[in-house]
K.L.:
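Input: one structure, supplied below.
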Number of protein chains: 2
Amino acid sequence: MRTLYHPETEQIELQHVFYALSEPIRFTIVLQLMDASELSCGGFELALPKSTLSHHFKVLRESGVIRTRLEGTQRFISLRTMDLESRFPGLLKVIRESAAGNVAHEA
Amino acid sequence: MRTLYHPETEQIELQHVFYALSEPIRFTIVLQLMDASELSCGGFELALPKSTLSHHFKVLRESGVIRTRLEGTQRFISLRTMDLESRFPGLLKVIRESAAGNVAHEA
DNA sequence: TCAATAGTTCGAGTGTATTCGAACTATTGA
DNA sequence: TCAATAGTTCGAATACACTCGAACTATTGA
């Protein structure tokens with residue numbers, strides 16, 4: 001695991017992003033990243049085995065949704081906000097508003 | 001098949017919509033509906049067995065993406081444009097622009 | 001009533017996803 | 001150098017999804 005595959009911005013495909021986000025755990029991961037900018041793998045509020053999380057991070061990374069930065073023994077994960085916004089303008093807003101709407105009705 | 005299940009607008013979930021759209025055939029179906037407003041099951045440009053198409057129409061319908069209207073021996077399918085737009089403002093635009101961008105670079 | 005038409009359901013085969021423990025790799029700090 | 005830490009990979013079990021032929025249902029029109 002020396003090189004972590006990340007697709008180029010232009011290579012990110014909407015169907016792959018949709019696939020990645022259709023899974024509840026991965027959707028939760030993305031929502032948490034929207035509030036946190038950057039988190040280590042262990043920094044998420046998810047009580048799941050490391051191997052399970054690792055699998056989901058890989059799917060999100062390979063679909064272009066997140067970026068993984070290596071630092072020491074940790075991997076710092078962030079949403080590819082700029083890349084996603086330039087590739088699919090408005091998509092993140094849709095996700096953000098959908099999540100907000102499901103929690104509470106904000107004016 | 002007397003009653004066809006369609007979720008109410010408020011019941012449509014983004015994750016289910018993403019799941020439905022993550023499959024290539026279903027994505028194609030949605031793109032064709034964007035250009036056609038309403039099509040019978042056999043009216044799509046898809047050379048696939050009826051049973052396969054029927055499966056995908058069901059997934060799209062139950063996730064709230066399409067509406068199926070019964071008329072005689074035919075079922076007319078349409079995109080739930082208004083419902084999707086009110087539930088997830090901007091989502092259809094993202095899909096439309098993504099599809100346009102993959103075909104040609106329009107100015 | 002009966003054939004034709006349009007689409008659904010069933011069932012089986014095949015493939016792909018998810019889950020998680022165990023073993024592994026890589027880096028840090030002492 | 002060595003233990004501790006952080007996360008990945010492997011492998012197996014289980015579950016879910018896709019495909020498609022065959023049989024079925026429902027409606028129309030003659």
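Side chains are part of it too, since the values below use all heavy atoms of this structure and drop only hydrogens, waters and symmetry mates. Quick note on labels: first sequence line is chain A, next is B, and so on, each numbered from 1.
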K.L.:
In terms of ring plane angle, is the pair A:Phe18 and B:Phe18 parallel, tilted or perpendicular, where the classes change at 30° and 60°?
P.N.:
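If you compare the ring of A:Phe18 with that of B:Phe18, the planes turn out parallel.
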K.L.:
Quick one: A:Gln74 CD to D:dA4 P, roughly how many Å, whole number?
P.N.:
18 Å
K.L.:
Write down the distance between CD (A:Gln15) and P (D:dA17), rounded to a whole number of angstrom.
P.N.:
17 Å
K.L.:
Give a yes/no answer on whether the side chain of B:Arg26 brings an N or O atom under 4.0 Å of OP1 or OP2 in D:dC18.
P.N.:
yes
K.L.:
What is the distance, rounded to the nearest whole Å, between atom CG of B:Leu60 and atom P of D:dC18?
P.N.:
10 Å
K.L.:
Within this structure, what is the CZ-CD1 distance for the pair B:Arg26 and B:Ile66, rounded to the nearest 0.5 Å?
P.N.:
10.5 Å
K.L.:
Check DNA chain D against residues 45-58 of chain A and give the residues with a non-hydrogen atom under 4.0 Å, in numerical order.
P.N.:
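A:Lys50, A:Ser51, A:Ser54, in order of number.
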K.L.:
Taking all non-hydrogen atoms of both residues, which atom of A:Leu84 and which atom of A:Gly64 are closest, and how far apart?
P.N.:
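Nearest heavy atoms, A:Leu84 then A:Gly64: CD2-O, 3.9 Å.
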K.L.:
Shared ILVMFWY cluster between B:Leu46 and B:Val59, side chains joined below 4.5 angstrom?
P.N.:
no
K.L.:
So which atom in A:Ala20 and which in A:Leu60 form the shortest heavy-atom distance, rounded to 0.1 Å?
P.N.:
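Closest heavy-atom pair between A:Ala20 and A:Leu60: CB-CD2, 4.0 Å.
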K.L.:
Looking only at heavy atoms, which two atoms of B:Glu8 and B:Arg80 are closest? And how far apart?
P.N.:
C-NH2, 4.0 Å
K.L.:
Could you state the atom-to-atom distance from CZ of B:Phe76 to P of C:dA6 in whole Å?
P.N.:
10 Å
K.L.:
Report yes if at least one side-chain N or O of B:Tyr19 is closer than 4.0 Å to OP1 or OP2 of D:dC16; otherwise report no.
P.N.:
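No, outside the criterion.
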K.L.:
Transitively linked via ILVMFWY side-chain contacts under 4.5 Å: A:Phe44 with A:Ile95?
P.N.:
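Same hydrophobic cluster.
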K.L.:
Of all the base pairs, Watson-Crick or G-U under 3.5 Å, which form stems of three or more consecutive pairs involving DNA chain D?
P.N.:
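The stems that DNA chain D takes part in, listed by first number, are C:1-30 with D:1-30.
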K.L.:
Tell me the interatomic distance from A:Glu62, atom CD, to C:dA17, atom P, rounded to whole angstroms.
P.N.:
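About 11 Å, once rounded to whole Å.
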K.L.:
For the side chain of A:Thr73, starting at C-beta, report the closest nucleotide among D:dA17, C:dG7, C:dT28.
P.N.:
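The nucleotide sitting nearest to the side chain is C:dT28.
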K.L.:
Who passes side-chain hydrogen bond (donor to acceptor under 3.5 Å, both in side chains) against A:Lys58, sequence neighbours left out?
P.N.:
none
K.L.:
Whole angstrom is fine here: how far is it from CD in B:Glu23 over to P in D:dC16?
P.N.:
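After rounding, the gap between these two atoms is 18 Å.
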K.L.:
A:Arg69 has an atom CZ; how far is it from atom C1' of C:dT27, in whole Å?
P.N.:
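Interatomic distance, CZ of A:Arg69 to C1' of C:dT27: 15 Å.
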K.L.:
Figure out the CD1/P separation between B:Ile25 and D:dC18, and round it to whole Å.
P.N.:
9 Å
K.L.:
Quick check: is B:Tyr19 connected to B:Leu92 through a chain of hydrophobic side chains (ILVMFWY, heavy atoms under 4.5 Å apart)?
P.N.:
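They do not share one cluster, since no chain of ILVMFWY contacts under 4.5 Å joins B:Leu92 to B:Tyr19.
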